[in-house]
Amino acid sequence: MGDVRDFLVSAAHLFLGAECAVCGNPAWGACGPCLRVLDAGVPFPVHRHGLRIPVLAANNYRPILEKLVPVFKDDGALHLSGVLSARLAQAVAGLHPPATVCLVPVPSLASAVRHRGNDHAVMLAARTARRLGVRCRPLLTRTAWGVDQRILGARDRQRNVAGSMSALRLEAPVIIVDDVCTTGASLVEAARALSEAGVLVLGGAVVGDADRRGWARERDFHPGGPQS
C-alpha cells in the first residue's frame with residue numbers, strides 16, 4: 001500500500017506540481033517526515049497578557065505550521081484539515097474536558113470567509129469535534145468587524161477586537177478553539193463574550209503558538225530535509 005501511495009505522490013509531483021508546503025518534497029500538502037515532527041509535539045500552555053483561561057497549543061507555529069496553516073486557509077488546501085484537526089484534538093484533550101463539552105470556534109472575518117469561499121475556523125472546529133466525539137457550536141459572532149488582524153501589532157490587535165464579539169447562551173461547558181494564537185486578543189475577546197452570555201468557558205485550544213520564544217528553540221531545524 002505504501003508503494004502505491006508513494007507512486008501516486010510522485011506522479012502528482014511530476015504532473016501537478018504537488019509538493020510539501022514545508023520542505024518542497026513530493027507530497028499532498030505535507031510529507032511524512034514533516035508530519036512526524038508535527039505529531040511528536042506535546043501540547044503546552046500558552047501565556048498572553050489578559051488571557052484568564054487555560055489555553056493549550058499543540059505545536060509551535062514555526063517552522064512547520066507557518067507553512068501549512070496559510071496553505072490551508074488561503075490556498076484552498078482543505079485536505080490539510082485532517083492534519084490540523086488531529087493536532088487541535090490533542091490540545092483539546094490536554095485540557096481533560098468532560099464528555100458534555102462543546103467546541104466553539106473563534107469567528108472569522110466575514111470578508112475573509114467571502115474571499116476564501118469557506119469558513120476554515122468552523123471547518124477545523126467541526127472536524128476536531130468529530131475526532132473527539134463531542135459537539136461543535138458556532139456560538140460566537142462578530143458585532144464589529146474591525147480590520148484584518150495580520151496588519152496590526154499586539155496592542156492594536158487588542159483594541160481591534162475588544163468588544164467585537166457577542167455569544168449565544170449554552171448550558172454545556174465550552175472550549176474555545178482556533179488555528180493560531182498570536183497576541184491572544186481574539187481568545188481574550190471570545191472568552192469575555194461567552195462568559196458575559198453565561199457560558200462556562202473551561203479553556204482554549206489552538207493548533208499553533210506564534211510566540212517567537214518557542215520559534216527560537218527550533219529556528220535551526222529544517223523539517224523533512226532533502227530526500228533521495
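Just so it is clear, the values below take in all heavy atoms, side chains as well, and ignore hydrogens, waters and symmetry mates. Heads up: numbering here begins at 1 and tracks the sequence.
- Between Thr128 atom OG1 and Met123 atom CE the span is 11.5 Å, to the nearest 0.5 Å.
- When every heavy atom of Ala121 is checked against every heavy atom of Ser108, the shortest pair comes out as CB-OG, 3.6 Å.
- Counting heavy atoms from C-beta on, the side chains of Leu124 and Val177 never come closer than 4.5 Å.
- Taking both residues in full, the closest heavy atoms of Pro97 and Ile175 are given as CB-CD1, 3.7 Å, listed atom of the first, atom of the second, then distance.
- The salt bridge (charged side-chain N to carboxylate O under 4.0 Å, His left out) contacts involving residues 190-207 comprise Glu189-Arg192, Arg192-Glu196, where partners must be two or more places apart or lie in separate chains.
- Distance alone, capped at 3.5 Å, places no donor-acceptor pair between the Arg137 side chain and the Val104 backbone.
- With contacts defined as side-chain heavy-atom distances shorter than 4.5 Å, the pair Pro173/Pro98 qualifies.
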Item to check | Residue pair Val22, Val37: steps toward the side-chain contact (heavy atoms from CB on, under 4.5 Å) verdict | outcome: CA-CA 11 Å; Val22 183; Val37 173; over 6 Å; no

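- Here CG of Leu88 is found 9.0 Å from CG of Asp179. Values are rounded to the nearest 0.5 Å.
- Atom-to-atom distance recorded for Ile64:CD1 and Leu35:CG is 8.0 Å, nearest 0.5 angstrom.
- Here CZ of Arg130 is found 11.5 Å from CG of Leu103. Values are rounded to the nearest 0.5 Å.
- When all heavy atoms are compared, the tightest approach of Leu194 to Ala167 is CD2-CB, 3.7 Å.
- Within the structure, every pair that satisfies the side-chain hydrogen bond (donor to acceptor under 3.5 Å, both in side chains) test and touches residues 87-106, not counting sequence neighbours, is listed here: Asn59-Arg87.
- Surrounding CZ of Arg127 are more than 12 heavy atoms belonging to other residues, nucleotides or ligands, all under 6.0 Å away.
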Next on the checklist: Is there a side-chain contact (heavy atoms from CB on, under 4.5 Å) between Val71 and Leu80? Walk through the geometry before answering.
Outcome noted: CA-CA 8 Å; Val71 170; Leu80 288 175; 4.0 Å; yes

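- Between atom NE2 of residue His120 and atom OG of residue Ser81 there is a gap of 11.5 Å, rounded to the nearest 0.5 Å.
- What you find for His47 and Pro45 is that their closest heavy atoms are NE2-CB, 3.7 Å.
- A heavy-atom distance below 4.5 Å is not found between the side chains of Cys181 and Val55.
- Looking at Leu38 and Leu68, their side chains come closer than 4.5 Å, going by heavy atoms from C-beta outward.
- When every heavy atom of Val199 is checked against every heavy atom of Ala172, the shortest pair comes out as CG1-O, 4.2 Å.
- Nearest heavy atom pair, residue Tyr61 against residue Ala210, reads CB-CA, 3.7 Å.
- Distance check, rounded to the nearest 0.5 Å: CZ of Phe72 to CG of Leu78 gives 6.0 Å.
- Checked against Met165 for a side-chain contact (heavy atoms from CB on, under 4.5 Å), the options Thr143, Thr141, Val106 give a single hit: Val106.
- A donor-acceptor pair is defined here as one N or O able to donate and one able to accept, closer than 3.5 Å; no such pair exists between the side chain of Arg48 and the backbone of Leu187.
- Considering only heavy atoms from C-beta on, Leu202 comes within 4.5 Å of Val101 through its side chain.
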Next on the checklist: Using the rule given for side-chain contact (heavy atoms from CB on, under 4.5 Å), can you reason through Val174 versus Val201, listing the C-alpha separation, both sets of side-chain angles and the distance that settles it, and then say yes or no?
Outcome noted: CA-CA 5 Å; Val174 307; Val201 181; 4.1 Å; yes

Checklist entry - Going through the distances and angles, do Ile53 and Ile176 end up as a side-chain contact (heavy atoms from CB on, under 4.5 Å)? => result CA-CA 10 Å; Ile53 58 171; Ile176 304 166; 4.1 Å; yes

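- Note on Val122 and Val180: separate hydrophobic clusters, where clusters join Ile, Leu, Val, Met, Phe, Trp and Tyr whose side-chain heavy atoms are under 4.5 Å apart, directly or indirectly.
- Each side-chain hydrogen bond (donor to acceptor under 3.5 Å, both in side chains) pair with one or both residues in residues 30-42, not counting sequence neighbours, would appear here, but there are none.
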